[in-house]
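Only one structure is covered here, and it is reproduced in the block below.
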Amino acid sequence: MSEDFRATVVVVGSVNIDHVVTASRFPEPGETILGIEASTGLGGKGANQAVAAALAGAPTTMIARVGADPEGALARDGMAQRGVDVSRVTEVEGASTGSAWITVAQGDNTIIVVSGANFSWPEGDPLSGAERNAGVVLSQLEVPLPVVHAAASAASKADALFVLNAAPASALPDELLALIDVLIVNEHELAVVARTEPDPPEQAHAVLRERGVRAVVTTLGPEGAIVTDFGGVTTRVPAVPAPEVIDTTGAGDAFTGVCAAKLATGTPLPEAARWGCVAGSLAVRAAGAQDSYPDAETLRREATLTTRTSQ
Ligand code: RIB
């Protein structure tokens, strides 16, 4: 049975080309080590989340800035091939497409982003009408804060849910927190945004709700996620174990994109987070970010398998 996606997911966010080196361990500062292999892939937290949502079946529009360079064209084409509407991905003359420099080692990764065109936005409302059919407007912190704030205001006026994945972590002003319907963070980001100890997460969630955030999801990697919903009820969402972890890059984006796609169908937040955990688990089983994301059929199959084995 196909799902009823009445509303679109609109992503206002970043587009990067990922340059990945795999190594047996991370180098110490000042140290040179030999890597195992190097590769290039499509990334950027915004683009990754848009692709994850589109592959899950949600009509998805990406609003982003890329350079007028071959990398920008590559990133746009890659998103379009995976079902994302890229008509609002704008080329910026004189700027380079964003790039990310990633080391994958010891089951983890480090990432340095060079923002390039992701930080070249005109003033004003980045959505300019795209929010009209949106069920969810989704953003991250790889674009300037005023752009995120303007997207949140437009979403609120259009009665769309505003979902913020506060990555990379940054302290946020209370005026922005008050516009967030669903905040999605990992434990490190939770501590930075809530300006408090992240453990236990439900206490940090309560701090954020007092400051105006309506609902909070903290992803816990192999431990699943913890969700405090719109009514203030906290639920633990179990992890979906992966038989083998190949590359965790972009797993959080797979979680967020699929969670947003499910919210756009009216799925309750804890259930949407359950789907996010399935997507995150599938994403760590293959190399790269967008290249590792499941389509709707694969998601459904894995979710069914997980439900059966947990009964
Ligand atoms: O979350 C993973 C992403 O972070 C990578 O694709 C990289 O581009 C950075 O934005």
Side-chain angles (χ1 to χ4, degrees), residues 11-22 38-55 62-67 69 71-72 74-79 82 84 89 95-105 107-120 138-145 147-148 163-170 183-190 192 217-221 225 245-260 276-277 279-294:
V11 181
V12 180
S14 58
V15 174
N16 294 331
I17 295 293
D18 288 353
H19 302 269
V20 185
V21 59
T22 308
S39 61
T40 302
L42 304 180
K45 294 185 194 301
N48 293 348
Q49 293 173 20
V51 164
L55 287 174
M62 180 76 198
I63 300 181
R65 319 279 289 172
V66 295
D69 50 23
E71 290 80 4
L74 195 73
R76 260 175 77 115
D77 291 351
M79 284 188 278
R82 290 161 173 88
V84 177
V89 175
S96 304
T97 296
S99 58
W101 304 85
I102 303 177
T103 304
V104 174
D108 212 338
N109 64 66
T110 58
I111 306 180
I112 298 178
V113 172
V114 179
S115 298
N118 291 312
F119 263 64
S120 293
L138 170 62
S139 203
Q140 316 75 28
L141 299 178
E142 285 186 335
V143 294
L145 209 51
V147 173
V148 174
V163 179
L164 180 68
N165 172 222
S170 164
L183 178 73
I184 302 181
V185 283
N186 63 23
E187 283 173 289
H188 163 70
E189 292 148 4
L190 176 64
V192 175
V217 178
T218 299
T219 56
L220 305 168
V245 176
I246 303 287
D247 181 1
T248 57
T249 308
D253 297 331
F255 177 101
T256 300
V258 169
C259 186
C277 283
S281 170
L282 287 164
V284 302
R285 301 177 198 185
Q290 293 171 32
D291 286 338
S292 68
Y293 291 174

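Start at 1 and go down the list; that is how both ligands and their atoms are numbered.
- Remark: minimum distance from atom 9 (C) of ligand 1 to any protein heavy atom is reached at Glu142 OE2, 3.4 Å.
- Residue Ser14 has no N or O atom closer than 3.5 Å to an N or O atom of ligand 1.
- Atoms of ligand 1 lying under 4.0 Å from at least one heavy atom of Ala100, given by number and element, are 7 (C), 8 (O).
- Checking Asn109 against Asp247 by side-chain atom types alone, no donor-acceptor pair falls below 3.5 Å.
- Residues Ile17 and Leu74 meet the side-chain proximity criterion, which asks for heavy atoms closer than 4.5 Å.
- With respect to atom 4 (O) of ligand 1, the closest heavy atom belonging to the protein is Lys45 NZ, 3.1 Å.
- Proximity of Gly44 to ligand 1 is established by a heavy-atom distance of less than 4.0 Å.
- For the residue pair Asn165 and Gln140, no side-chain donor N or O sits within less than 3.5 Å of a side-chain acceptor on the partner.
- Close approach of ligand 1 to Asp18 is summarised as follows: ligand atoms under 4.0 Å from at least one heavy atom of the residue are 5 (C), 6 (O), 7 (C), 8 (O).
- Looking at Glu71 and Thr97, their side chains never bring a donor and an acceptor atom within 3.5 Å of each other.
- With Asn165, Ile17, Asp253, Ile112 as candidates, the residue nearest to atom 2 (C) of ligand 1 on a non-hydrogen basis is Asp253.
- Here's the thing with Asn16: one of its N/O atoms is less than 3.5 angstrom from an N/O atom of ligand 1.
- A 4.5 Å side-chain heavy-atom check between Arg65 and Asn118 finds every atom pair outside the cut-off.
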Would Asp77 and Arg82 satisfy salt bridge (Lys or Arg N to Asp or Glu O under 4.0 Å), going step by step from the backbone distance to the final call? CA-CA 9 Å; Asp77 291 351; Arg82 290 161 173 88; over 6 Å; no
